[in-house]
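Inspection log for the structure reproduced underneath, given as structure tokens.
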Amino acid sequence: MNKTSSIVIIGGGISGAAVAYELAKRGQKDIILIEREYLSGGATGRCGAGVRMQWGTKMNCLLAKYAIEKFETLNEELDYEYDVEFKQGGYLMCASTQKEYDQFVKNVALQNSLGINSRIITPAEAKEIVPYINTDYMIGGTFHQKDGHLNPFHTTLAYARAAERLGVEIMKYTAVTGIDVQNGKIKGVMTDKGYIATETVLNAAGGYSQQIAEMVGVTLPLYSQRHQIMVTEPVIPIQGPMFMGFVHNIYIQQTPHGSFIMGRGDAYEPKDLRVTSGWQFMEDMARNCAKLLPALRDLNIVRQWAGLYNMSPDKQPIYGVVEGVEGMYVAAGYSGHGFMFGPVTGVVMAEMMLGLPTTVDVSALGPDRFASGKLFVEPSVV
């Protein structure tokens, strides 16, 4: 089975599906999206699916603001027959140290200057928002009502079906085995189902983006790291916002179905492609959750899983052309925030690949920034 395509997108998570849709929406024909498993089978389907505008860099604030405003009308835009389940219950950020609180003050000032109506809150105000929060571990916090949570499977499927209606071909359960480069130019993609002749490829492979880059002889300054999540039994709605604490490396969100999803950062997690689960994570997660939100201590844990954070040196995404390989683009390195940037990734990468001005200026996020040392480190990540 040999094919010809104008553009091949590698990766069937939200990034790849969104870019495919936005390209087709702008009139691009003959697009093929390749996914090694099922749609959302990688990082997208394993993420916590929280979305927030509360960031510490201007770039991430602008990316998230644009994306969340798109999420608000996504069902209608994509004419989705089901529901992406966007719940805007807000994010409550907990500051537990003076240093963290001072950073939050700076963050809120930046966010407000960009039209994001976040605010500093006291422990007493935090308790009004989440009555069972243990304020012994916080000196203040921030809150923004328009932050929220979606269903990552429905969101990606909505994009994929809209893309297919516009003529995009999606090849699931198809592995990319190599990329044909001749004289520094993309000529095709080899898969386990045949060869696809093309002059343009987008690497949107998430945790596997390094491996795809190596197929064209490029080393990206990225690594993949395991990130674990666990979920409880469903209960009646008792928590509106996502609760997040950077010092505590924790986020806890009640989904529309009633279950609590929770995860935490850990610098000692394996930096490879494993997505196994560990007992220590469950024990540490349960202990922290019970300390910070005591009312949840008696909930039963249903299961836990792991996915991959594709980490960049400054914890911000890489958008752009791969230097030295004509026709090769990359959208990766989200550092755990690829799902929430999905809609804006779709727009800016489609515009970039079509030679159009980008709606959000992402020129500072090109892969060339690492060689120049012009990094923009994001201070507010779990």
Side-chain angles (χ1 to χ4, degrees), residues 11-22 35 38-55 60-93 116 118 143-163 204 206 227 229-232 234 237 239-244 251-263 305 307-310 317 331 334-348 381-382:
I14 190 169
S15 294
V19 175
Y21 164 75
E22 296 291 351
E35 167 53 44
Y38 51 88
L39 292 174
S40 302
T44 295
R46 296 169 182 268
C47 74
V51 298
R52 59 180 165 106
M53 299 186 201
Q54 296 183 77
W55 288 93
N60 278 347
C61 286
L62 292 174
L63 292 172
K65 184 175 186 292
Y66 185 90
I68 288 175
E69 288 171 351
K70 287 272 285 185
F71 279 134
E72 290 176 338
T73 59
L74 205 59
N75 281 321
E76 294 75 21
E77 176 181 348
L78 302 181
D79 192 23
Y80 189 46
E81 60 188 301
Y82 302 113
D83 184 7
V84 299
E85 299 176 3
F86 190 22
K87 169 192 172 187
Q88 287 180 287
Y91 262 49
L92 192 162
M93 305 279 204
I116 298 169
S118 56
F143 182 74
H144 184 235
Q145 186 64 63
K146 286 198 170 184
D147 297 340
H149 180 273
L150 295 94
N151 183 310
F153 294 99
H154 277 300
T155 306
T156 305
L157 183 61
Y159 268 117
R161 288 189 173 177
H227 186 90
I229 292 176
M230 72 183 193
V231 63
T232 73
Q239 182 173 313
M242 170 84 82
F243 172 84
M244 179 174 282
Y251 60 85
I252 303 171
Q253 169 76 56
Q254 187 172 26
T255 70
H257 306 292
S259 296
F260 279 82
I261 288 179
M262 55 192 76
W305 65 88
L308 297 175
Y309 273 18
N310 191 231
Y334 302 105
S335 304
H337 310 108
F339 176 75
M340 73 173 70
F341 290 162
V344 71
T345 298
V347 170
V348 299
V381 294
V382 173

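No experiment lies behind these values; they were computed from the predicted model shown.
To the nearest 0.5 Å, atoms CG (L92) and CD1 (I252) are separated by 11.0 Å. Atom CD in E76 sits 9.5 Å away from atom CG in D79 (nearest 0.5 Å). One finds the CD1 atom of I68 at 5.5 Å from the CZ atom of F86 (value rounded to the nearest 0.5 Å). Put simply, CD1 on I116 and CZ on R52 are 11.0 Å apart, with the number rounded to the nearest 0.5 Å.
With hydrogens and angles ignored, the 3.5 Å screen pairs no side-chain donor or acceptor of Q239 with any backbone N or O of Q254. N151 places no side-chain N or O within 3.5 Å of a backbone atom of D83 that could act as its donor or acceptor partner. At distances below 3.5 Å, not a single donor-acceptor pair connects side-chain atoms of H227 with backbone N or O atoms of C47.
The two residues A162 and Y21 have their closest heavy-atom pair at CB-CD1, 3.7 Å. Of all the heavy atoms in A49 and P152, the pair that sits closest is CB-CD, 3.7 Å. F71 and M340 get closest at one heavy-atom pair: CE1-O, 3.6 Å. Nearest heavy atom pair, residue S118 against residue H144, reads N-CD2, 3.6 Å. Of all non-hydrogen atoms in T44 and I14, the two that sit nearest each other are OG1-N, 3.1 Å. M262 and T232 make their closest contact through CE-CG2, 3.9 Å (heavy atoms, listed as atom of the first residue, atom of the second, distance).
Partners of A331 under the side-chain contact (heavy atoms from CB on, under 4.5 Å) rule, at least two apart in sequence or in another chain, are L202, Y319, Y334, T345, M349. With sequence neighbours excluded, the residues satisfying side-chain contact (heavy atoms from CB on, under 4.5 Å) with P234 are S259. Partners of E81 by salt bridge (Lys or Arg N to Asp or Glu O under 4.0 Å), not counting sequence neighbours, listed by chain and number: R161. Under the rule for a side chain to side chain donor-acceptor pair (under 3.5 Å), H337 has no partner lying at least two apart in sequence or in another chain. When the ring-ring contact (aromatic ring centres under 6.0 Å, His included) test is applied to F143, no partner is found at least two apart in sequence or on another chain. Remark: K65 pairs with E69 by the salt bridge (Lys or Arg N to Asp or Glu O under 4.0 Å) rule, at least two apart or across chains.
With contacts defined as side-chain heavy-atom distances shorter than 4.5 Å, the pair V231/W305 qualifies. With a 4.5 Å cut-off on side-chain heavy atoms, T255 and E85 do not count as touching. The shortest side-chain heavy-atom distance between M53 and K146 falls under the 4.5 Å cut-off. Using a 4.5 Å cut-off on side-chain heavy atoms (C-beta onward), P343 and Y159 make contact. Side-chain contact between F339 and T155: present, with at least one pair of heavy atoms (C-beta onward) separated by less than 4.5 Å. Counting heavy atoms from C-beta outward, W55 and L63 have side chains that stay 4.5 Å or more apart.
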Report task. Would you please test M244 and Q54 for side-chain contact (heavy atoms from CB on, under 4.5 Å) and show each step? Result -> CA-CA 11 Å; M244 179 174 282; Q54 296 183 77; over 6 Å; no
Report task. Kindly determine whether Y66 and V347 satisfy side-chain contact (heavy atoms from CB on, under 4.5 Å), including the steps that lead there. Result -> CA-CA 10 Å; Y66 185 90; V347 170; 3.7 Å; yes
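A donor atom on one side chain and an acceptor atom on the other are found under 3.5 Å apart for T156 and S40.
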